[in-house]
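Structure, as structure tokens:
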Amino acid sequence: MRRGLPVLLAGAALLAACGRPAEQQDAAPGASALSAPDETPAAPLSPASAAPVRPALLAAGQKSYAVHCAGCHGEVAEGDFGPPLAGAAAGDLTDFDLADFSRAVREGWTARGELLSSMPRFTSSLLPDTALEGIHTYLRSLE
């Protein structure tokens, strides 16, 4: 029974993360909150970031984060059940580029190369690449 509890908790976290916001439930098949055309690019997040932030992507990323990530990582990525993803407490997680972030979200790998069983695996059908990029952009904006 004790071995089944972590699996049960991971399954519950995955099911909780599978919810879709109400505005997407009525959308046409294949439509996403990120389907809107991007606005004029804003300034880069930091000098280290070469790509400008697209306001529509940032806003959609914040919504996707609230639906898929905030339940474990906190409302503003301060950490809760899951580790903090922004700010000083996040440490080396704030340096994750999009490829590293994608690997963490899709496969559960940490910044230190550890595989976490408690991290739900978000497939591209559950969380499209554009949504993942939006969440990454939103988290980078919190630094």
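A tilted orientation is assigned to the rings of Tyr65 and Tyr138, their planes being inclined by 30° to 60°.
The shortest non-hydrogen separation linking Ala89 to Pro84 is O-CG, 3.5 Å. Contact between Ala77 and Leu142 at its shortest, heavy atoms only, is CB-CD1, 3.9 Å. Contact detail for Arg54 and Glu133: the closest heavy-atom pair is NH2-OE2, 3.7 Å. Considering every non-hydrogen atom in both Ala70 and Ala66, the closest pair reads CB-O, 3.8 Å.
In the hydrophobic clustering of ILVMFWY residues, with side-chain heavy atoms under 4.5 Å counting as a link, Trp109 and Leu98 come out apart.
Looking only at distances, no side-chain donor or acceptor of Arg121 sits under 3.5 Å from a matching main-chain atom of Arg106. When atom types are taken as modelled, the side chain of His73 and the backbone of Asp80 share no donor-acceptor pair closer than 3.5 angstrom.
Between Phe96 and Leu139, every side-chain heavy-atom pair lies at or beyond the 4.5 Å cut-off. Residues Ile135 and Val105 fail the side-chain proximity criterion, which asks for heavy atoms closer than 4.5 Å.
Comment: Asp97 does not engage Arg103 in a salt bridge, judged by the lack of any side-chain N to carboxylate O separation of less than 4.0 angstrom.
Legend: residues meeting side-chain hydrogen bond (donor to acceptor under 3.5 Å, both in side chains) with Ser124, ordered by chain and number and at least two apart, are absent.
If you take NE2 on His136 and CG on Asp129, they are separated by 13.0 Å, rounding to the nearest 0.5 Å.
For Glu107, the CD atom sits in a packed shell: over 12 heavy atoms of surrounding residues, nucleotides or ligands are nearer than 6.0 Å.
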